[in-house]
Every structure is written in C-alpha cells, then in structure tokens.
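Take a look at the structure set out below.
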Amino acid sequence: MDYVRPSIAAMKGYVPGFQPDPWQKYIKLNSNENPFPPSPKVKETLQALTYEDLRLYPDPVSLELRKKLGALYGFSENQIICGNGSDDILNIIVRTLVQPGEAIGFHEPTFPLYRILGILHGAKVISLPMSEPYNQPPMPPPDLKIFFLANPNSPVGFGFPTALVAEMAQRIKGIFVVDEAYAEFGRENALELVRQLKNVVVVRTVSKSYSLAGVRLGYAIGHENLISEMIKVKDPFNVTRLTQALVAAALDDREYFQKTISQILETREWVTKEARALGYRVIPSQANFIFPRPPQEGKGVKFYEALFDRKVLTRYYDEEGLRDGVRMTIGKREEMIAVLQVMKEILPQFSPR
Ligand SMILES: *Cc1c(COP(=O)(O)O)cnc(C)c1O
C-alpha cells in the first residue's frame, strides 16, 4: 500500500493473545484475565440499566468515576482521567506530549505497546535491554519526553521497589509513566510519588484486578496541569455509558475485590512453590501471572506447544531473554491443579536423554 506512512508499513502491530470463542474448552491463561467473574454488584447494575438511556451520549469526562477513584486513593478528580482501557490512556499520553523526533524510552522486555505507540507518533524509540536478575535495570537517559515503566513488569512479573522508581523518575526531564496494570497484585505502588514528583503519572486498569477486561476502563493519576491537557486530547466520549456504570459498581464492592485478589495471590504463591518443586524455574512474581521455565534453556516454544496440545493457553514471546519459558496467568485453584499435573507430565520432554 503506497498510501501508508512508511513507519506504519514497516511496523509489526500489537499481537494479542489467542482469544478463542467459545473459550470454555480451554484453560485460558494467556491474557492475564482474572479467573473470577466481576463483582455480583456489576451484574445487578447491568440488569438495572435503562436500555432507553443508551441512545444518549455518556458523560464525556467520566466525572462520577473520577470522583470515586479519587476518594479511593486520596486524589482530586482533577488529577484523574479515564479512558477506554489503559491502552487508550497510554495513547493519550503520547499524543499529548510527543512531537515527531522526540524520544520515548522503556526497558526491554516489557509491554510491547510502548514501542508501537512511539512509532505511531513518529518518536525516536529508545529501548534499554534488561537482564536477570532484573533488580538493577539500566537508568533512563535524561533527554526523554516519556519513559514507560511497567511495574510490576510484564511478561516476567517482577516488581521494582518504589525507591528505585523514584530514582529513575528524577533522572529524566520528561514525564515518567508508571504502568501499574498489576499493582493491585503487588507489594508497592507509585501513588505516593505522584504526590511528591510533578513528572510521575500512574496508569491503572480495571481489566485485571477487577475482572473487567471486557468493559474497557483504564485511568491515569497525575499532576492536574497534565491531566487537563490530556482531557483536551482524548476522544470526546471515550468511555461508554455501560462502562461508567459497571466500573462504579465494581469499585464500590471493596469486599469482593479484596477476597478475589487474596485468592489469586494465595494461588500464585502455591503454584510458584509447586512448579519449583517439579523442577521449573520461576522468578517471584508480584503480578497475577508467573513466568515458569523448564530446567533446560531455550525450551519455551516446546513448553508452550505441549501446554497448548493439552488445552492450556499461555503466551510465548520470541524475544531476547524470554525464549526459556512462557507467561502463564494465575487461574482458579482447580485450574492450576490441572495445569500443574500437565506440567508434571510434560516435564520429561525437556530433559536430555
Ligand atoms: C494488560 C495491560 C495493559 C492494558 O490494559 P487495558 O486496560 O486492558 O487496556 C496495559 N499495560 C500493561 C503492562 C498490561 O499488562
């Protein structure tokens, strides 16, 4: 297509995990979805929604939700913007800040969308390779318009301590985005940094921790001067009426949230221990997934395929540092019992004869 911008033609698009329909035939551990249904309050709200109202546009600025989120974390609604998933929020951040030729940065491996957004907006993309044990990542160079840090990181699941995040944020002249898609499963988060440092923005989502990947809601918390500029950039009605109502209901049900999160954390710790006992290598995870690796190096594809053949969906990444294993979401306890049994059965395939 001669019409297409050369940078787009040369780019690989975002590759989502396999989304089978129907999904019930599989143990679906490939997109870090929450294995539990959303709060029952979401169901009640869905049933009570007035269908005639759907002809009307939603609140363009999701005010009720921003107030709720503000109350939950101790921020003013002026410091919060809502989007159609955190992917939308990340996109708005880049559109608000980056002029063609300016630099954005991130570590690698990490969430692949940062690179794609950089290319889409004509940015100079600076990726800093990171290797195990991941606790001394390369520091970002000062001249960046944006640095993206996924914390806890994907696809491996380790978390950076807040002190290190602060140190990195203070190094750059631009905006430091902490993508906290998994923070609710981790020990630390950067919300305090938003209060202390003007250039820190935290991005969150209800996709994973609130079991609402299907409704699409992400948000950013940052300095109100930045948030007000981002509100100018976003699509005018970027969060649907359904989404605003359903997310509000989910946020109100603190008890259900705590209960489901603790079950996932408990299962994560248990699966980590059991997988290690079988002989898999597993880095401690701060997220709702783990990255198990068979004892032998370079067997990630084989591991992925062996699991796939037994209807267990995971993610394999053909990238430096990731070819030894797969990313595996933490499912329900019963699902993980079945997965561990499969992992036990296939283990001999990876050993030398
Ligand atoms: C899942 C994920 C997102 C996207 O979340 P949505 O709100 O569903 O768009 C963003 N960043 C990271 C690191 C993720 O893992």
Side-chain angles (χ1 to χ4, degrees), residues 13-19 28-35 38 62 65 69 80-95 104-118 120 127 130 134 137 146-160 165 176-186 188-190 201-221 230 234-235 238-240 242-244 246-247 250-251 261 264 268 285-291 313-315 317 319 322 326-330:
Y14 182 80
V15 184
F18 174 46
Q19 308 297 330
K28 188 173 182 310
L29 308 177
N30 65 346
S31 295
N32 295 342
E33 290 142 331
N34 195 308
S62 308
L65 266 187
L69 290 163
I80 303 175
I81 177 174
C82 292
N84 182 29
S86 52
D87 296 341
D88 182 34
I89 293 290
L90 295 168
N91 194 347
I92 293 168
I93 292 174
V94 181
R95 275 155 62 201
I104 65 144
F106 46 80
H107 292 125
E108 229 163 13
T110 193
F111 189 50
L113 190 66
Y114 312 141
R115 174 186 296 279
I116 293 176
L117 290 174
L120 284 182
S127 79
M130 191 170 42
Y134 300 119
I146 308 177
F147 191 83
F148 292 101
L149 184 80
N151 196 31
N153 199 6
S154 176
V156 178
F158 56 90
F160 299 107
V165 177
F176 195 88
V177 177
V178 190
D179 181 349
E180 294 194 336
Y182 303 103
E184 289 97 335
F185 305 100
E188 296 187 63
N189 65 62
V201 178
V202 164
V203 176
R204 297 254 177 123
T205 173
V206 300
S207 293
K208 283 99 185 201
S209 51
Y210 288 87
S211 297
L212 289 172
V215 313
R216 314 303 301 131
L217 186 98
Y219 54 98
I221 307 181
M230 286 171 62
K234 74 173 187 64
D235 289 349
N238 63 335
V239 181
T240 71
L242 287 162
T243 299
Q244 293 189 34
L246 300 183
V247 174
L251 289 174
I261 295 277
I264 291 168
R268 178 186 75 198
S285 168
Q286 294 283 307
N288 68 337
F289 56 87
I290 55 173
F291 197 88
L313 299 184
T314 60
R315 276 310 288 269
Y317 294 89
E319 275 173 54
L322 301 177
V326 301
R327 190 188 71 183
M328 175 184 282
T329 309
I330 301 298

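Numbering of residues begins at 1 and proceeds along the displayed sequence. First listed ligand is number 1; within each ligand, the first listed atom is number 1.
- Of all heavy-atom pairs between Gln286 and Gly159, the closest is CG-N, 3.8 Å.
- Ligand 1 is surrounded by Gly85, Ser86, Asp87, Phe111, Asp179, Ala181, Tyr182, Thr205, Ser207, Lys208, Arg216, each with at least one heavy atom closer than 4.0 Å.
- Using a 4.0 Å cut-off between charged side-chain N and carboxylate O, Arg216 and Asp88 make no salt bridge.
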side-chain contact (heavy atoms from CB on, under 4.5 Å) between Asn238 and Ile92, worked out: CA-CA 11 Å; Asn238 63 335; Ile92 293 168; 4.1 Å; yes

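- In this structure, Tyr114 and Phe111 have perpendicular ring planes: the angle between them is above 60°, well past the 30° mark.
- Under the rule for a salt bridge (charged side-chain N to carboxylate O under 4.0 Å, His left out), Lys234 has no partner lying at least two apart in sequence or in another chain.
- Considering CZ of Arg95 and CG of Asp235, their distance stands at 5.5 Å, rounded to 0.5 Å.
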